[in-house]
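Everything below concerns the one structure shown next.
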Amino acid sequence: MTSFSNFRMIHFLLIFSSYLLIPTSSQSHSHQPHNHVAFFIFGDSLLDPGNNNYINATTLNQANFTPYGETFFKYPTGRFSNGRLIPDFISEYANLPLIPPYLQPGDHEFAYGANFASGGAGALDEINQGMVVNLNTQLRYFKKVEKHLRQKLGDEESKKLLLDAVYFISIGANDYISPLFRNYSMFYSHKQYLDMVMGNLTVVIEEIYQKGGRKFGFLNMGPLGCIPAMEAIKLQQGSSDECLEEATVLAKLHNRVLPEVLQGLESKLKGFKYSIFDFYTTAKERMDNPSKYGFKEAKIACCGSGPYRTHYSCGGMRGTTEYELCSNVNEYFFFDPFHPTERAYQQLAELIWSGTHNVIKPYNLKQLFGHSEEEIPCNQFEHLPYTLNN
């Protein structure tokens, strides 16, 4: 059992130093660098590099305290893991610097892109309202960046940057699980609620498209009902099922509808290309067969408290001061009850970058970034069925 009740001054100094130490070379160029593709990121805590450090969020939606970030950065950056996240690895593979939080203070030029993601954010404005940067606000920030680029680079160069850029989105998990943790009654059918989530997401995609976005990458919904955090709800319900059915139903429904929505956009938006990574199947496969992928534990979090470390107490800053921390984080798939470890993220990022059509289609991100010699015609997968593995 590890306790960190007397580290507030150290915590302040670490966070202050992180403002100075997080690489920001991507923001130091007044003109678009040659031979690169910009990377714009929208979403939730799976992609948030620390934007919630700079808003009036509660510690439930922040990770700017130890032991977060200690494996790679050696200090907490605001990432909800022990180290790097998927966008950090994708940036490396695309020969880009780390894309810092959009809200991080500094002189930003955004020539390499921007990361707007916010832990706890949903597609719906009502999710964690006032405590996160919701998807519509992330879109508003992107529009500010687009205006900034036009002013700095001129219309022609900024247009080319935005047309060539890759836009990466992971959103929806908080829309589906937040009501479960708050014991809200669902006033809508599953289909009605999903239509609301997808409707908001579609509007955001179309707005980005209007500003020049053409190449989009998406994570489908992971196995929400099976993450360690769901054990607490299952215990309350007296359920002995492996996964929480309500969350699993919503995740699977999301994953059936998302390809249909994107195929519809592809048919009406000229030049629109998209990629969907099967986060559900790839994560569930590692949770069910951890040793096959180099993990020893994929049901219990490395950091937390209570049975299976299901209590979201990692760091002792979320109402519970004491928590347990595993001795070898690389043996775990989950760092805290909600979020994977850096090692898990790296495995997933490798598949997102260069995976085959059984895990990502119709393109992988290497192809969207133009780093692959293999070119896929836009309509090659127009009628390819997208199946969801249970």
Side-chain angles (χ1 to χ4, degrees), residues 43-48 60-61 63 68 79-83 85-86 117 119-122 127-128 170-183 197 219-237 239-255 277-290 293 295-315 318 320 323-326 329 331-349 388-390:
D44 51 32
S45 56
L46 294 180
L47 310 182
D48 180 5
L60 284 175
N61 295 313
Y68 289 98
R79 290 167 172 81
F80 290 79
S81 188
N82 59 302
L85 309 180
I86 288 171
I127 300 301
N128 296 317
S170 170
I171 202 74
N174 292 300
D175 298 284
Y176 302 136
I177 66 175
S178 289
L180 300 178
F181 281 95
R182 287 166 172 76
N183 199 27
V197 171
L219 301 184
N220 78 4
M221 201 53 52
L224 296 179
C226 310
I227 63 176
M230 291 302 166
E231 288 291 336
I233 297 179
K234 285 160 52 182
L235 288 172
Q236 290 176 1
Q237 296 180 348
S239 172
S240 59
D241 295 338
E242 178 187 3
C243 303
L244 187 69
E245 182 179 4
E246 179 78 2
T248 299
V249 167
L250 287 167
K252 289 184 175 182
L253 185 58
H254 176 102
N255 292 347
F277 175 65
D278 192 354
F279 184 30
Y280 187 102
T281 301
T282 51
K284 191 68 165 63
E285 171 70 15
R286 283 157 177 77
M287 293 167 66
D288 292 341
N289 306 283
Y293 299 94
F295 300 103
K296 289 187 177 181
E297 181 55 66
K299 303 290 187 182
I300 301 174
C302 169
C303 187
S305 59
Y308 301 99
R309 300 193 186 113
T310 59
H311 189 58
Y312 194 38
S313 59
C314 185
R318 299 184 177 113
T320 301
Y323 60 94
E324 297 175 0
L325 183 65
C326 67
V329 66
E331 295 179 348
Y332 285 73
F333 183 83
F334 285 99
F335 182 64
D336 69 22
F338 290 96
H339 306 103
T341 58
E342 179 186 73
R343 187 179 186 192
Y345 278 133
Q346 183 172 14
Q347 290 186 9
L348 298 173
L388 175 71
N389 296 323
N390 291 322

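Only heavy atoms go into these numbers, but all of them, side chains included; no hydrogens, no water, no symmetry mates. Index from 1, following the sequence.
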Does a side-chain heavy-atom distance below 4.5 Å link Phe335 with Glu342?
no

Ignoring hydrogens, what is the shortest heavy-atom contact between Gly172 and Tyr176? Give both atom names and the distance.
O-CD1, 3.0 Å

In a check of side chain to side chain contact (heavy atoms under 4.5 Å, CB included) between Met230 and each of Thr248, Thr310, Asp241, Ile177, which one passes?
Ile177

Partner residues of Ser313 under the side chain to side chain donor-acceptor pair (under 3.5 Å) criterion, sequence neighbours left out
Ser305

Output, in order, the C-alpha distance, side-chain angles, deciding distance and verdict of side-chain contact (heavy atoms from CB on, under 4.5 Å) for Arg309 and Glu324.
CA-CA 7 Å; Arg309 300 193 186 113; Glu324 297 175 0; 3.0 Å; yes

Validation row: Met287, Pro223 side chains within 4.5 angstrom (heavy atoms)
yes

Could you tell me whether a side-chain N or O of Thr341 sits under 3.5 Å from a main-chain N or O of Tyr332, the two making a donor and an acceptor?
yes

Would you say that Ser81 contacts Tyr345 through its side chain, given a criterion of any heavy-atom pair below 4.5 Å between the two side chains?
yes

Is the Cys302 SG less than 2.5 Å from the Cys326 SG?
yes

Without swapping roles, check the side chain of Lys234 against the backbone of Ser240 for a donor-acceptor pair under 3.5 Å.
no

Residues forming a salt bridge (Lys or Arg N to Asp or Glu O under 4.0 Å) with Asp288, sequence neighbours excluded
Lys284, Lys299

Indicate the atoms forming the closest heavy-atom contact of Leu224 with Ala173, along with that distance.
CD2-CB, 3.9 Å

Quick one: side chain to side chain donor-acceptor pair (under 3.5 Å) partners of His339, sequence neighbours excluded?
Ser45, Asp336

Beyond-backbone contact of Asn255 with Phe279, side-chain heavy atoms, under 4.5 angstrom:
no

Under 3.5 Å: donor-acceptor pair, side chain of Gln347, backbone of Tyr293
yes

Would you check, one step at a time, whether the test side-chain contact (heavy atoms from CB on, under 4.5 Å) holds for Ser178 with Asn128?
CA-CA 8 Å; Ser178 289; Asn128 296 317; 4.0 Å; yes

Inspect the surroundings of OH in Tyr308 and state if more than 12 heavy atoms from other residues, nucleotides or ligands are less than 6.0 Å away.
no

Which residues satisfy the salt bridge (Lys or Arg N to Asp or Glu O under 4.0 Å) test with Glu285, sequence neighbours excluded?
Lys292

Do you know which two heavy atoms are closest between Gly119 and Asp48, and how far apart they sit?
N-OD2, 2.9 Å

Within 45° of the six-membered ring axis of Phe295 and under 6.0 Å from that ring's centre, is NZ or CZ of Arg343 located there?
yes

Would a 4.5 Å heavy-atom cut-off, applied to side chains only, mark Leu46 and Phe80 as touching?
no

For the student: nearest non-hydrogen atoms of Gly43 and Ala121, plus distance:
O-CB, 3.7 Å

Val249 vs Lys252, side-chain contact (heavy atoms from CB on, under 4.5 Å): CA-CA, chis, key distance, verdict
CA-CA 5 Å; Val249 167; Lys252 289 184 175 182; over 6 Å; no

Do the non-hydrogen side-chain atoms of Asp44 and Ser170 ever get within less than 4.5 Å of each other?
yes

Test side chain to side chain donor-acceptor pair (under 3.5 Å) applied to Arg318 - qualifying residues, sequence neighbours left out
Tyr68, Tyr312

What one should report as the nearest heavy-atom pair of Cys303 and Gly315 is SG-N, 4.2 Å

Applying side chain to side chain donor-acceptor pair (under 3.5 Å), name anything that partners Asn174, two or more places apart in sequence or on another chain.
none

Looking only at non-hydrogen atoms, find the nearest pair between Ala301 and Pro228 and report the distance.
N-CG, 4.2 Å

For residues Leu219 and Ile86, determine if any side-chain heavy atom of one lies less than 4.5 Å from a side-chain heavy atom of the other.
yes

Test Phe277 against Leu348 for side-chain contact (heavy atoms from CB on, under 4.5 Å), laying out the working first.
CA-CA 9 Å; Phe277 175 65; Leu348 298 173; 4.1 Å; yes

Flag the pair Glu246 / Leu180 as yes when at least one side-chain heavy-atom distance between them is below 4.5 Å, and no otherwise.
yes

